[in-house]
Structures are given as C-alpha cells and as structure tokens.
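Notes follow the structure.
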Amino acid sequence: MTKLTIPMLATLTTLALTSGVALAGSEDVVVDDAWARASIGVNRPGAAYMTIRNTGDEAVTLTGISTPLAMMPEIHESKTNAEGVSSMAPAGEITIAPGEAAELAPGGLHAMLMQLQQPMTEGDSFPLTLSFSDGGDVTVDVPILGIAARGPEG
Amino acid sequence: MRRRTALGYGATALGAMGLTLFVGWWRVDGPGAPEAVASLPIPLTEMDFRLTDHEGQPVGPETLVGRPTMVFFGFTFCPDVCPTTLSDISGWLDALGEDAGQMNVVFITVDPDRDTVEAMAEYVGYFHPAIRGWTGAQDQIARAAEGFRASYERVPTDGGDYTMTHTASVFLFDAAGGFVSMIDYHEPREFAVPKIRRALEEETEGAT
C-alpha cells in the first residue's frame with residue numbers, strides 16, 4: 001500500500017504543479033491589480049485585493065487560496081445590510097463565467113489572511129496562490145501598500 | 001384502533017404546526033422579537049457614556065459639543081471595512097483641507113477587549129491626524145452605541161477567534177450636538193464631502 005501511495009502522491013503533486021498548463025480552464029485566468037494593506041504586527045488578519053479575469057471559453061471556479069504568509073487564508077465577503085450594519089463571512093467557491101471577472105475590492109470580496117506568519121510590511125510583496133476546480137493554480141505576487149491605501153495605486 | 005392512531009398523529013401534527021407558528025410569531029412579531037433598530041441618533045447632549053481616548057484622556061459626549069463632529073464605530077482587528085472607512089475619512093478630511101481642523105473625528109471601538117488605549121493609539125496613528133480613537137468598558141461602549149443607535153455583535157470565527165459585525169455608517173453632528181446626517185458605507189466621496197460641509201456650516205449658523 002505504502003509503495004503504491006508514495007509514487008501516486010508524487011504524480012499528483014507533479015500534476016498539481018504543472019496543471020496550470022496541463023488542464024483546461026485555469027490557464028485562461030489573468031490576475032490584475034493585486035495589492036494588500038500593511039499589517040500592524042501579526043495578531044490582526046490582513047486583506048488582499050485583486051481582479052481575477054477569466055479570458056477563456058469555459059467557466060472557472062476558484063476553490064481556495066494559499067500563501068506562505070498566512071496559515072489560514074480564505075476568500076471572505078463583507079456585506080452591509082439595509083440598517084448599515086457590516087458583517088463578514090467566508091465566500092465559499094467563486095465561479096467566474098467566460099469573459100467575466102471576480103472583483104476583490106474593499107468592502108466586498110477579499111482574500112482574508114488569518115494567522116499571519118510575519119508582519120505585512122509596506123514595500124514588500126508576497127506570493128498568493130489561487131487554486132481552481134480544474135486542479136490548476138495561478139500564483140500572483142501581491143505588493144504590500146500602506147495601511148491607509150484605498151486601491152492598487154495606493 | 002387504527003382510526004384513533006391516525007387521529008392521534010393528526011393532533012400531534014396540528015400541535016407541532018401550532019407550536020411552530022407560535023414560536024415564529026414570538027420571535028418575529030411577539031415579545032421575543034429583536035428590538036427594531038431605531039433610525040436616528042439622539043443629540044450628543046442627551047447621551048451619557050464615559051470612555052478613554054487614545055491618549056488616555058477621559059472623554060464623553062460632552063467632549064464633542066462645541067465643534068461639528070464625525071463619529072463612526074469599528075474595531076482594529078477588522079481587515080476590510082474599518083481600514084477602508086478610516087482611509088475614506090482620511091481622504092474626506094484631506095479634501096476639506098483646513099476646515100478639517102475645526103471638527104471632532106472619533107473612531108469608537110466595538111471590541112474594547114482587544115482594542116486597548118495603546119492598540120487604538122497605534123492604529124489611528126496610521127490615518128489622518130484629526131482622527132481620535134475611543135475605547136473603554138464594555139457597558140460604556142454599549143451605552144455609546146445605544147445613543148448613536150448603532151449596533152454591534154461578537155461573532156465566532158473558524159479558527160477559534162472572533163470578529164465583530166457593526167454599524168459602518170459615519171454619523172455627523174453640528175456644533176450644538178444635534179444629529180445632521182449620516183454617510184453610509186461606500187457612499188461616493190462627492191456625496192460625503194458636501195454632507196460634512198453642511199455639518200460645518202450649521203456651526204457657523206449657530207454661532208451667528
């Protein structure tokens with residue numbers, strides 16, 4: 001059993017690493033305008049924003065995110081109700097139709113970076129990997145702007 | 001026998017339905033209904049709460065009377081809405097230029113357990129220098145929120161941590177402490193700045 005499993009795992013890992021090219025869907029994903037706010041220390045969660053465009057002919061589904069910067073990264077969504085009360089919850093999977101884009105922007109969808117492994121320092125950047133349902137990954141380099149930044153331009 | 005059983009089931013079903021309806025009524029319209037969110041904040045002069053600002057000074061609603069005031073609620077562990085609101089406000093204050101110096105701008109935390117005076121001081125330091133951070137005892141925060149008709153709630157998260165839901169609107173008061181208007185979250189800046197100017201002008205009118 002063990003003999004079988006290890007090569008299988010190796011194959012799967014290789015597949016996962018090369019799948020951006022090998023599988024259909026996620027290779028058509030283009031990420032623009034990624035940015036994040038600097039953090040104060042590591043106790044507070046961070047947030048990152050970007051536009052995820054599907055330039056292909058088939059829908060793609062974002063299933064998860066990962067980064068060495070945070071132990072628990074997750075796509076969350078902030079909502080403000082009719083009474084003006086804001087709340088935040090995990091957004092689940094996000095399907096992007098062909099030619100459409102998912103907008104991760106302040107006050108809406110955002111990559112919530114929980115359990116930071118190091119402070120997010122203005123001027124630095126970090127890799128964030130988006131995983132899609134076809135098994136493909138897209139990794140983007142996210143520049144860290146100031147805490148008071150309002151958009152990718154600062 | 002069979003018929004009695006059927007009747008029994010019927011009665012139980014009816015009873016269950018009745019109970020469901022009653023519970024529904026109780027929670028939605030009856031005595032168990034959540035208190036309706038009252039629409040507008042009361043005047044600052046009628047509020048009563050004791051808090052501490054980010055420099056350790058005792059503050060309360062009376063601290064704000066005499067100058068136009070902008071107040072909003074949030075917490076510093078909030079990764080998205082709160083820094084966005086603080087950045088927006090910093091932008092509005094920049095747009096107001098020197099007039100910004102005539103206003104009180106206060107950020108009241110709804111999470112005083114984590115937002116100590118020191119935490120507030122560090123946090124507000126990253127935004128416009130006019131912004132003050134207020135924190136204090138849970139019951140005093142609750143009294144403040146009640147006066148502003150703001151609501152907040154502690155919500156547990158997956159990692160054993162917690163986050164806060166809270167009113168994200170910005171409240172505007174004139175120099176006499178009367179409520180002028182509120183800027184809803186994500187309202188375009190072209191609406192926000194004139195609203196703030198209105199609060200500033202009411203001060204001038206009150207003075208003449």
Side-chain angles (χ1 to χ4, degrees), chain A residues 35-50 64 69-92 103-116 119-122 144-154, chain B residues 34 36-39 72-91 94 110-111 114-115 118-119 121-128 131 145 148-153 155 157-161 163-171 182-187 189:
Chain A
W35 63 285
R37 286 197 189 93
S39 71
I40 303 174
V42 295
N43 293 328
R44 296 177 178 84
Y49 306 98
M50 66 204 70
L69 182 70
M71 295 280 277
M72 255 183 72
E74 206 171 31
I75 303 284
H76 279 219
E77 186 168 22
S78 300
K79 285 181 182 165
T80 305
N81 69 13
E83 281 78 43
V85 177
S86 283
S87 58
M88 194 174 65
E103 201 82 42
L104 274 60
L109 290 169
H110 54 278
M112 170 113 157
L113 309 171
M114 292 169 282
Q115 298 176 23
L116 291 179
M120 296 167 71
T121 310
E122 183 172 357
I144 301 172
L145 310 181
I147 293 183
R150 276 195 290 267
E153 310 302 325
Chain B
V37 182
S39 43
F72 58 104
F73 290 83
F75 64 112
T76 78
F77 278 66
C78 160
D80 182 42
V81 167
C82 306
T84 304
T85 302
L86 280 155
S87 304
D88 285 346
I89 287 173
S90 299
D94 287 342
V110 294
D111 184 16
R114 291 187 295 201
D115 289 339
E118 294 73 29
E122 185 173 19
Y123 196 74
V124 297
Y126 286 98
F127 299 92
H128 192 284
I131 302 173
F148 288 95
R149 304 291 186 246
S151 66
Y152 61 96
E153 193 182 354
V155 181
T157 55
D158 291 345
D161 240 334
T163 185
M164 306 293 297
T165 66
H166 61 92
T167 300
S169 311
V170 177
F171 303 102
M182 94 177 92
I183 303 166
D184 285 330
Y185 185 69
H186 265 175
E187 198 164 311
R189 191 198 285 195

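Note that these values count all heavy atoms, side chains included, but never hydrogens, waters or copies made by symmetry. Lettering follows sequence order; numbering is per chain, from 1.
- Contact annotation for A/Ile40: only side-chain heavy atoms (C-beta onward) come within less than 4.5 Å of a heavy atom of chain B.
- Of the atoms belonging to A/Thr80, it is side-chain heavy atoms, and not backbone ones, that fall under 4.5 Å from chain B.
- Atom CG of B/Asp80 and atom NE2 of A/His76 lie 11.0 Å apart (nearest 0.5 Å).
- Between A/Arg44 and B/Thr76 the shortest side-chain heavy-atom distance falls below 4.5 Å.
- Proximity to chain A is limited to the side chain of B/Thr163, based on heavy atoms less than 4.5 angstrom apart.
- Of the listed residues (A/Ser78, A/Gly108, A/Gly107), the greatest number of heavy-atom pairs within a distance under 4.5 Å of chain B belongs to A/Gly107.
- At a 4.5 Å heavy-atom cutoff, B/Asp161 makes no contact with chain A through either its backbone or its side chain.
- Taken to the nearest 0.5 Å, the CE atom of B/Met164 stands 12.5 Å off from the OG atom of A/Ser87.
- Residue with the most contacts toward chain B among A/Met72, A/Met112, A/Arg37: A/Arg37 (heavy-atom pairs, distance under 4.5 Å).
- No other option in B/Phe73, B/Tyr152, B/Tyr126 has as many heavy-atom pairs under 4.5 Å with chain A as B/Tyr126.
- Options B/Thr157, B/Val155, B/Asp88, B/Leu86 differ in how many heavy-atom pairs under 4.5 Å they form with chain A, and the most are formed by B/Asp88.
- Ranked by heavy-atom pairs under 4.5 Å with chain B, the list A/Pro45, A/Gly46, A/Ala47 is led by A/Pro45.
- Scored by the ring pair (Phe, Tyr, Trp, His ring centres under 6.0 Å) test, A/His110 finds no partners at all (sequence neighbours excluded).
- Of the atoms belonging to A/Met114, not a single heavy atom falls under 4.5 Å from chain B.
- Contacts of A/Asn43 with chain B are made by both backbone and side-chain atoms, with heavy-atom separations under 4.5 Å.
- Contacts between A/Ala149 and chain B at a heavy-atom distance below 4.5 Å involve the backbone alone (N, CA, C, O).
- In this structure, chain A has no heavy atom under 4.5 Å from any part of B/Ala150.
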